[in-house]
S.K.: 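Dropping the structure in here first, questions after.
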Amino acid sequence: MITGLKFISSQTHSKRSQWVQKLLDDSLDKNSADLHDMNLTPHATALLVEAMNSFCTGNWIATIILVQAVLDIELATNESLNGVYVNELRTGKDLVWLRNRRNRLLHADISTHSITEADIFDDDRSLEIEAHKSLKLVITGLTRLSF
């Protein structure tokens with residue numbers, strides 16, 4: 001039998017999706033906002049939907065990895081971005097944290113601790129906090145960039 005698979009109740013999923021919707025609404029200053037209101041590239045939009053799905057199902061590591069990918073894609077390919085904030089997103093303290101955190105999760109390096117199966121269970125609450133932070137950073141950051 002496979003161990004380590006998470007079960008998420010529909011109530012927990014709903015609570016998390018409501019948090020994501022509120023984050024998007026607040027970031028765009030609009031009720032019932034949709035991802036298309038962010039004016040992201042189709043590639044970034046698809047990955048952001050996947051990041052949100054990962055978040056709502058409690059897959060914290062996947063959320064962190066995906067939101068950094070969304071940021072990378074937008075900074076590299078979206079030509080309609082407001083240049084005033086591009087440098088902040090590339091060098092801001094919180095987003096540098098996100099990039100470094102994603103790199104530590106993905107890349108094995110003898111000098112730093114990489115993620116293990118035990119960490120996923122032992123540090124679930126810490127990883128959840130990091131996933132919240134990551135999603136909030138990218139959504140608020142990219143909505144400022146798009147206008």
S.K.: Just how far is it from atom CZ of F7 to atom OG1 of T12, taken to the nearest 0.5 Å?
M.R.: 8.5 Å
S.K.: Counting C-beta onward and ignoring hydrogens, is there a side-chain heavy-atom pair between W60 and D123 closer than 4.5 Å?
M.R.: no
S.K.: Side chains of L28 and D34: closer than 4.5 Å at any heavy-atom pair?
M.R.: no
S.K.: Where do L127 and I64 come nearest, in terms of heavy atoms and distance?
M.R.: O-CD1, 4.4 Å
S.K.: Is any side-chain heavy atom of V67 closer than 4.5 Å to one of L137?
M.R.: no
S.K.: Starting from the C-alpha separation in whole Å, work towards a yes-or-no answer on side chain to side chain donor-acceptor pair (under 3.5 Å) for S14 and Q18.
M.R.: CA-CA 6 Å; S14 178; Q18 289 171 10; 3.2 Å; yes
S.K.: State, to 0.1 Å, how close A44 and L40 come at their nearest heavy-atom pair, and which atoms those are.
M.R.: CB-CB, 4.2 Å
S.K.: State whether the side chain of D26 and the backbone N or O of L23 hold a donor-acceptor pair below 3.5 Å, judged by distance alone.
M.R.: no
S.K.: So how far is it from M38 CE to L142 CG, rounded to the nearest 0.5 Å?
M.R.: 5.0 Å
S.K.: Do L71 and R99 have side chains that get closer than 4.5 Å, going by heavy atoms?
M.R.: no
S.K.: Within this structure, what is the CG-OG distance for the pair D37 and S27, rounded to the nearest 0.5 Å?
M.R.: 11.5 Å
S.K.: How many angstroms lie between CZ in R101 and CD1 in I65, if you round to the nearest 0.5 Å?
M.R.: 9.5 Å
S.K.: Considering only heavy atoms from C-beta outward, does the side chain of D25 approach that of K22 to under 4.5 Å?
M.R.: no
S.K.: Drop me the distance from S17's OG to L24's CG, to the nearest 0.5 angstrom.
M.R.: 12.0 Å
S.K.: Using 4.0 Å as the upper bound for N to carboxylate O, is an ion pair formed by K133 and E130?
M.R.: no
S.K.: Could you work out, with ring pair (Phe, Tyr, Trp, His ring centres under 6.0 Å) as the rule, every residue matching W19, not counting sequence neighbours?
M.R.: F55, H132
S.K.: Is any side-chain heavy atom of H13 closer than 4.5 Å to a side-chain heavy atom of R16?
M.R.: no
S.K.: The test is side chain to side chain contact (heavy atoms under 4.5 Å, CB included); show your working for L135 and L48 and say whether it passes.
M.R.: CA-CA 9 Å; L135 200 53; L48 187 52; 4.1 Å; yes
S.K.: Locate the shortest heavy-atom distance separating T63 from A51; write the atom from each residue and the value.
M.R.: OG1-O, 3.6 Å
S.K.: On a heavy-atom basis, which atom in N39 and which in E74 lie closest, and how many Å separate them?
M.R.: O-OE1, 4.4 Å
S.K.: Using a strict 4.0 Å threshold on nitrogen-to-oxygen distance, state whether D124 and K6 make a salt bridge.
M.R.: yes
S.K.: Under a 4.0 Å N-O cut-off, is there an ion pair linking D72 with R102?
M.R.: yes
S.K.: Hydrophobic cluster membership, with links at side-chain heavy-atom distances under 4.5 Å among I/L/V/M/F/W/Y: are I139 and W97 in one?
M.R.: yes
S.K.: Distance from M52 atom CE to L47 atom CG, nearest 0.5 Å?
M.R.: 12.0 Å
S.K.: Is there a donor-acceptor pair closer than 3.5 Å between any side-chain N or O of N53 and the backbone N or O of V49?
M.R.: yes
S.K.: Any non-hydrogen side-chain atom of V70 less than 4.5 Å from a side-chain atom of H43?
M.R.: no
S.K.: Side chain to side chain donor-acceptor pair (under 3.5 Å), that's the test. Do S134 and Q68 meet it? Break it down for me.
M.R.: CA-CA 8 Å; S134 300; Q68 178 61 45; over 6 Å; no
S.K.: With a 4.5 Å cut-off on side-chain heavy-atom distances among I, L, V, M, F, W and Y, is there a chain of contacts connecting L95 to L106?
M.R.: yes
